S.K.: 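Take this structure first; my questions come after.
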2 protein chains.
Amino acid sequence: MKKNFSLSGMPDFNTLQIKRREFLISIIKKKFQSFGFKPIATSLIEKRDNLFGSYGTDGDKLIYQIVRSGDYLNKLNIDFQNINYNELSQNICDKALRYDLTIPFARFIASNQADINFPFKRYEVGSVFRADRPQKGRFRQFTQCDADIIGSNSLWLEIELINLIDSVISEFGLNDLTIKINNRKILEGVFESFSSNLDFSNFCIILDKLDKIGFNGVRQLFLTNGFVNNDLDLLCNLFELNGSFLDKKEFLLSKFKINSNLEKGLNELSFIFNKINIETIKQNIEIDFSLARGLDYYTGTIFELVTSNFSGSLAGGGRYDQLTEKFDLKDLSGVGISFGLDRLCLLLEQSNLFPLDIDDNIDFVFLNFGDQEADVAQSYIIKLRDFSVSAELYPDKVKINKQMKYAHKRGAKFVVMIGEQEMKQSKMLVKNMSTGEQQVLTFKELINTL
Amino acid sequence: MKKNFSLSGMPDFNTLQIKRREFLISIIKKKFQSFGFKPIATSLIEKRDNLFGSYGTDGDKLIYQIVRSGDYLNKLNIDFQNINYNELSQNICDKALRYDLTIPFARFIASNQADINFPFKRYEVGSVFRADRPQKGRFRQFTQCDADIIGSNSLWLEIELINLIDSVISEFGLNDLTIKINNRKILEGVFESFSSNLDFSNFCIILDKLDKIGFNGVRQLFLTNGFVNNDLDLLCNLFELNGSFLDKKEFLLSKFKINSNLEKGLNELSFIFNKINIETIKQNIEIDFSLARGLDYYTGTIFELVTSNFSGSLAGGGRYDQLTEKFDLKDLSGVGISFGLDRLCLLLEQSNLFPLDIDDNIDFVFLNFGDQEADVAQSYIIKLRDFSVSAELYPDKVKINKQMKYAHKRGAKFVVMIGEQEMKQSKMLVKNMSTGEQQVLTFKELINTL
């Protein structure tokens, strides 16, 4: 059997894939910039302690940890007989690969607070890493495109982000996607109305499994954690409710005992639904009280972008009030969204929405008839490149057939032949590879056709 | 003391730094493409075994290793009392961060050989990781820009790469840099003429320390490895020799007993020096017989780009004949170069060569006078963005002073104020932030001034 040198879930990209990704990224960046976001980049590696505890217990397990450099055992004094792998990792790993771009952003803010003009709007496009089970649209190394604002709790920012998601997706030519919205305070209010053995973080982690295991699966998990059937029926009704925001708000107010979290959450959602310019939004907007999102750090509005053609979310985000506290910086509320580039690529491929003229063709391939001829070819090639065209010499003096085959596969627009005859006349034979037409030209004549 | 949450040698980049890096990358990519290179991207993580043994013994120590996911101790049966850290790492780490872009490229070739049109020219721009001591111009996470051709042993490719280095550097506006050239076969021939306890790989690793510890330091290392003083004197003379390629070749032929490696190496260099179009090269070219390069995989020509203003190389590369053998793919010679983006950035900064108009200004900041006014502002902002300008609403209704200060620091070109008065008249007060001029305009009038 052939040995496999590649890692599962860690993708390489060929030229077409790169060009398509760059096409998407350029649209996303253009939109981010038009909304006033500025690029920054954070390091791919973080201190291990920066990451652990930020993503819930399930998240911690998915963090890739890096062992210390040098003789890390030398400095250690541990009882190897009784240690488990978690404790060992904690002792011998001091770094980890970033799991998202949000915690690194919070660290960036804390490190650079003196130079930052708040409220601060940044974007970042970069790789993140999760030791998850790979499947379609889920890699272990994947690219996120994030836009966040930190230093303001204005709900106008939520509205900006909804506009931004809509604007990016519509520019891609995608239609009929749904931006789901919820608020963690409402979830917390609902959670408080029931009694269970769970804390709120784990309540959200279980809810976040809804699209994978369905409400019956989630129901089972809740039952084993002390929920009662009546409460779960009510929860199910709440989640399955159709209708407008006002209908859903009405249901909540009539069936649940109002507490301060429910009230705050509903007020926040009301502001957003009052103020958002709904006629300018091209995709669908939907309140979904079952939306939880798995990450621990959200405290207010949460969003997710979904489509019926595709399982899993294409973008997601929300508001976090305490994110920078981890880095000793208090009272900075933030809100952000993250597009999953790899899934967007898959969806655009499925939908045939990539431009057809994305190619990797070369303009000129000069065939190699020997060292003397190649010498002349080289001097033309160097000059041609100054005219913003791409040109190369076939490196080996092999059979012309083989060289032509290479040029053809390469998508060359023109093949140039300079043999003994052409060299004497200071001319070249230029073949147009799409028409098949051949012309004998001087270099000057060739330039004039460009 | 303030806690430091950042890792040494793992840089973040602010907006200006990003814009400058993107400026350099766009030039490098444009040049790569004009030479016929196509973009690919390889994963940032490799199987551990793919990397170890490729970079010499010193290189292996600098590789960042990632521990297995899940309970890795459960599957292990090792005697912890007598294990050293190297053996432990080997047992519990299955992945590592890429150390360069060359080995991942070789793996990519092996994985995708059926789809590749040889000779294959690819470029890649990406992060690599080395657990080295950080210092000016040397990070632990840094960005390389590589161009390689695999599947041909034509020396025309060496000439192409020298032209490429020259072309990129000259486009940056840099002058008087030196492209140093040598050939590993010549070094191997020289090495064979002496007797020592070293193997050739370690001979090169020691030579590679020349610019850090000088010839006296290198001499000491050679002496302790069995070299005799006479041989070292000769080596010193060879390295210190000034003059043209022909002078240096003459010296080699007169002082060393010719062996097959010396002869092959000299022939290869002769071809390059005969065929390169020296009058089109803007930087300096120099044969430097002391150039070794630390990486194990080079077998022929090696290059390095250096400048007297800066220690360490700005670009480097060479030919490798057996690189893909590690991945069960034989008889594919390759040659490539790698630009160090971080060092190029430093050099361009030192030389004041970045364009001055690289900025992160926003076109319009709309001040926030309250929810009703913001509502109106929002509708204009959404329309403005369609005109390829950037616009944002200040999110909070705080003192106008504070909002103006933000807009000023933000480099806003225009500040737009819509208060009660303006709202009634369906107009806005637009302040040009560079001239201080203020105008009351309708939205249509504003659009007409764009």
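Below, read A as the first sequence line, B as the second, and so on, with proteins coming before strands; counting in each chain starts at 1. What you see is a predicted model, and the numbers here were worked out from it, not measured in a lab. These numbers come from the heavy atoms of this one structure, side chains and all, not from hydrogens, waters or symmetry mates.
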S.K.: Which residue out of B:N14, B:L44, B:V67, B:T42 racks up the most heavy-atom pairs below 4.5 Å with chain A?
M.R.: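 Highest number of heavy-atom pairs under 4.5 Å: B:L44.
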S.K.: Side chain, backbone, both or neither: which part of B:Y394 has an atom under 4.5 Å from a heavy atom of chain A?
M.R.: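 Just its side chain gets close to chain A.
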S.K.: Using heavy-atom distances under 4.5 Å, tell me whether B:I83 contacts chain A through its side chain, its backbone, both, or neither.
M.R.: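 Backbone plus side chain of B:I83, per the 4.5 Å heavy-atom cut-off to chain A.
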S.K.: Distance check, rounded to the nearest 0.5 Å: B:Q65 atom CD versus B:S89 atom OG?
M.R.: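 So the CD of B:Q65 and the OG of B:S89 are separated by 4.5 Å.
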S.K.: Select one option (side chain, backbone, both, neither) describing which atoms of B:Q141 are under 4.5 Å from chain A's heavy atoms.
M.R.: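 Contact with chain A: side chain only.
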S.K.: Of the backbone (N, CA, C, O) and the side chain (C-beta and beyond), which part of B:S127 lies under 4.5 Å from a heavy atom of chain A, both, or neither?
M.R.: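 Contact with chain A involves the side chain of B:S127 alone.
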S.K.: Please rank B:F108, B:F5, B:F139 by heavy-atom pairs under 4.5 Å with chain A and give me the top one.
M.R.: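 When all of B:F108, B:F5, B:F139 are compared, B:F5 has the most.
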S.K.: Kindly write out the residues that satisfy side-chain hydrogen bond (donor to acceptor under 3.5 Å, both in side chains) with B:Y64, not counting sequence neighbours, or none if the list is empty.
M.R.: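 side-chain hydrogen bond (donor to acceptor under 3.5 Å, both in side chains) list for B:Y64, sorted by chain: empty.
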S.K.: Just so I understand: if I count every heavy-atom pair under 4.5 Å between each of B:L393, B:D115, B:I63, B:L62 and chain A, which residue has the most?
M.R.: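 Option with the greatest count: B:L393.
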S.K.: Taking every non-hydrogen pair under 4.5 Å, which of B:I276, B:I18, B:V398 racks up the most with chain A?
M.R.: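 The candidate making the most pairs under 4.5 Å is B:I18.
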S.K.: Find the one option among A:N277, A:I40, A:D94, A:D71 whose heavy-atom pairs under 4.5 Å with chain B are most numerous.
M.R.: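 Looking at each of A:N277, A:I40, A:D94, A:D71 in turn, A:D71 comes out on top.
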S.K.: Within the structure provided, determine whether A:E46 and B:M10 are in side-chain contact (heavy-atom separation under 4.5 Å).
M.R.: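 A side-chain contact is absent here, since even the closest heavy-atom pair is not under 4.5 Å.
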S.K.: Salt-bridged, B:D132 to B:R140, with N to O below 4.0 Å?
M.R.: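 Salt bridge absent between B:D132 and B:R140.
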S.K.: Determine all donor-acceptor pairs shorter than 3.5 Å in which one atom belongs to a side chain in residues 153-161 of chain B; sequence neighbours excluded.
M.R.:
from: B:S154; atom 1: OG; to: A:P395; atom 2: O; distance (Å): 2.7
from: B:S154; atom 1: OG; to: B:W156; atom 2: N; distance (Å): 3.1
from: B:W156; atom 1: NE1; to: A:D371; atom 2: OD1; distance (Å): 3.4
from: B:E158; atom 1: OE1; to: B:R319; atom 2: NH2; distance (Å): 2.9
from: B:E158; atom 1: OE2; to: B:T301; atom 2: OG1; distance (Å): 2.9
from: B:E158; atom 1: OE2; to: B:R319; atom 2: NE; distance (Å): 2.7
from: B:E160; atom 1: OE1; to: A:R385; atom 2: NH1; distance (Å): 3.4
from: B:E160; atom 1: OE1; to: A:R385; atom 2: NH2; distance (Å): 3.3
from: B:E160; atom 1: OE2; to: A:R385; atom 2: NH2; distance (Å): 2.6

S.K.: Taking the side chain as every heavy atom from C-beta outward, state whether B:R21 and B:T143 have any pair of such atoms under 4.5 Å apart.
M.R.: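 Result yes, sub-4.5 Å side-chain heavy-atom pair found.
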S.K.: Are there more than 12 heavy atoms of other residues, nucleotides or ligands under 6.0 Å from atom NZ of B:K405?
M.R.: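 Atom NZ in B:K405 is not crowded, with 12 or fewer foreign heavy atoms closer than 6.0 Å.
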S.K.: Tell me whether B:T324 contacts the main-chain N or O of B:L329 through its side chain, where contact means a donor paired with an acceptor under 3.5 Å.
M.R.: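 Flag set: sc B:T324 to bb B:L329 pair under 3.5 Å.
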S.K.: Which bit of B:K397 comes within less than 4.5 Å of chain A, counting heavy atoms only: side chain, backbone, both or neither?
M.R.: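 Neither part, no heavy atoms under 4.5 Å.
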S.K.: What part of B:I66 lies closer than 4.5 angstrom to a heavy atom of chain A: side chain, backbone, both or neither?
M.R.: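 Its backbone and side chain both get close to chain A.
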S.K.: Under a 4.5 Å heavy-atom cut-off, does chain B meet the side chain of A:S111, its backbone, both or neither?
M.R.: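 The side chain, not the backbone.
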S.K.: What I want to find out is whether A:K121 reaches B:E392 closely enough, with some N-O distance under 4.0 Å, to be called a salt bridge.
M.R.: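 A salt bridge links A:K121 with B:E392.
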S.K.: Checking A:I45 against chain B: side chain, backbone, both or neither under 4.5 Å from a heavy atom?
M.R.: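 Both parts, backbone and side chain.
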S.K.: Using distance alone, with no hydrogens and no angle criterion, decide if A:N82 and A:D79 have a side-chain donor and acceptor under 3.5 Å apart.
M.R.: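 Result is yes, a qualifying pair exists.
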S.K.: Which bit of B:S152 is near chain A, if near means a heavy-atom gap under 4.5 Å: side chain, backbone, both or neither?
M.R.: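 When you check distances to chain A, atoms from both the backbone and side chain of B:S152 fall under 4.5 Å.
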S.K.: If you count heavy atoms of other groups shown closer than 6.0 angstrom to CD of A:E87, is the number above 12?
M.R.: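 Counting other residues, nucleotides and ligands, CD of A:E87 exceeds 12 neighbours.
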S.K.: Could you check whether A:R122 makes a cation-pi contact with A:F37, meaning its NZ or CZ is under 6.0 Å from the centre of the six-membered ring and within 45° of the ring axis?
M.R.: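 The answer is no; the distance or angle limit is not met.
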S.K.: Is it the side chain or the backbone of A:A412 that comes within 4.5 Å of chain B heavy atoms, both, or neither?
M.R.: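 When you check distances to chain B, no heavy atom of A:A412 falls under 4.5 Å.
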S.K.: So which of A:P39, A:S69, A:G36, A:P11 has the largest heavy-atom pair count under 4.5 angstrom toward chain B?
M.R.: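 Of the candidates given, the most pairs with chain B belong to A:P39.
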S.K.: Of the backbone (N, CA, C, O) and the side chain (C-beta and beyond), which part of B:R107 lies under 4.5 Å from a heavy atom of chain A, both, or neither?
M.R.: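 For B:R107, the side chain is the part near chain A, not the backbone.
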S.K.: Please look at A:K383 and chain B and tell me whether the side chain, the backbone, both or neither of the residue comes under 4.5 angstrom of a heavy atom of that chain.
M.R.: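 No part of it gets close to chain B.
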S.K.: Under 4.0 Å between a side-chain nitrogen and a carboxylate oxygen: does that hold for A:K29 and A:E22?
M.R.: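 Between A:E22 and A:K29 there is no salt bridge, as every charged N stays at least 4.0 Å from the carboxylate O atoms.
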S.K.: Name the region of A:I92, side chain, backbone, both or neither, that has any atom closer than 4.5 Å to a heavy atom of chain B.
M.R.: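 Just its side chain gets close to chain B.
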S.K.: Parallel, tilted or perpendicular: which fits the ring planes of A:F120 and A:F118, with parallel below 30° and perpendicular above 60°?
M.R.: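 Correct class here is perpendicular.
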S.K.: Against chain B, work out which of A:L97, A:N74, A:V365, A:N368 has the most heavy-atom pairs shorter than 4.5 Å and name it.
M.R.: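 Highest number of heavy-atom pairs under 4.5 Å: A:L97.
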S.K.: At a 4.5 Å cut-off on heavy atoms, which part of A:E124 comes close to chain B: side chain, backbone, both, or neither?
M.R.: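 Nothing of A:E124, per the 4.5 Å heavy-atom cut-off to chain B.
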S.K.: Less than 4.5 Å to any heavy atom of chain A: does that hold for the side chain of B:N117, its backbone, both, or neither?
M.R.: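 Contact with chain A is through both the backbone and side chain of B:N117.
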S.K.: Go through the atoms of B:K95 and report whether side chain, backbone, both or neither lie under 4.5 Å from a heavy atom of chain A.
M.R.: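 For B:K95, the contact with chain A is made by the side chain alone.
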S.K.: For the OG atom of B:S43 and the CZ atom of A:F129, what is their distance to the nearest 0.5 Å?
M.R.: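 Interatomic distance, B:S43 OG to A:F129 CZ, rounded to 0.5 Å: 9.0 Å.
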S.K.: Below 4.5 Å from any heavy atom of chain B, which atoms of A:S6 appear? Answer side chain, backbone, both or neither.
M.R.: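 Looking at A:S6, backbone and side chain both touch chain B.
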S.K.: If we define contacts as heavy-atom pairs under 4.5 Å, which of A:P119, A:A391, A:A131 has the most with chain B?
M.R.: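 Result: the option with the highest number of such pairs is A:P119.
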S.K.: Can you say whether A:N50 sits under 4.5 Å from chain B via the side chain, the backbone, both, or neither, judging by heavy atoms?
M.R.: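 For A:N50, the side chain is the part near chain B, not the backbone.
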S.K.: With distance as the sole test, does B:Q378 use its side chain to make a donor-acceptor pair with the main-chain N or O of A:K275 at under 3.5 Å?
M.R.: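 Judged by distance alone, yes, a pair lies under 3.5 Å.
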S.K.: With chain B, which of A:A374, A:A110, A:P104, A:S388 has the greatest number of heavy-atom pairs at distances under 4.5 Å?
M.R.: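 Looking at each of A:A374, A:A110, A:P104, A:S388 in turn, A:A374 comes out on top.
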S.K.: Is it the backbone or the side chain of A:F271 that comes under 4.5 Å from a heavy atom of chain B, or both, or neither?
M.R.: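 Contact with chain B is through the side chain of A:F271 alone.
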S.K.: Measuring heavy-atom distances to chain A, does B:K38 have an atom under 4.5 Å in its side chain, in its backbone, in both, or in neither?
M.R.: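 Both the backbone and the side chain of B:K38 come within 4.5 Å of chain A.
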S.K.: Counting heavy-atom pairs closer than 4.5 Å to chain B, which one of A:T15, A:N84, A:L384, A:I362 comes out on top?
M.R.: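 Looking at each of A:T15, A:N84, A:L384, A:I362 in turn, A:T15 comes out on top.
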S.K.: Please say which of A:F105, A:F32, A:F35 ends up in a ring pair (Phe, Tyr, Trp, His ring centres under 6.0 Å) with A:Y123.
M.R.: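 Exactly one candidate clears the test, A:F32.
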S.K.: Side chain to side chain contact (heavy atoms under 4.5 Å, CB included), that's the test. Do A:C93 and A:R48 meet it? Break it down for me.
M.R.: CA-CA 7 Å; A:C93 298; A:R48 183 185 182 280; 4.1 Å; yes
S.K.: What part of B:V389 gets closer than 4.5 Å to chain A, counting heavy atoms only: side chain, backbone, both or neither?
M.R.: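 Backbone of B:V389 only, per the 4.5 Å heavy-atom cut-off to chain A.
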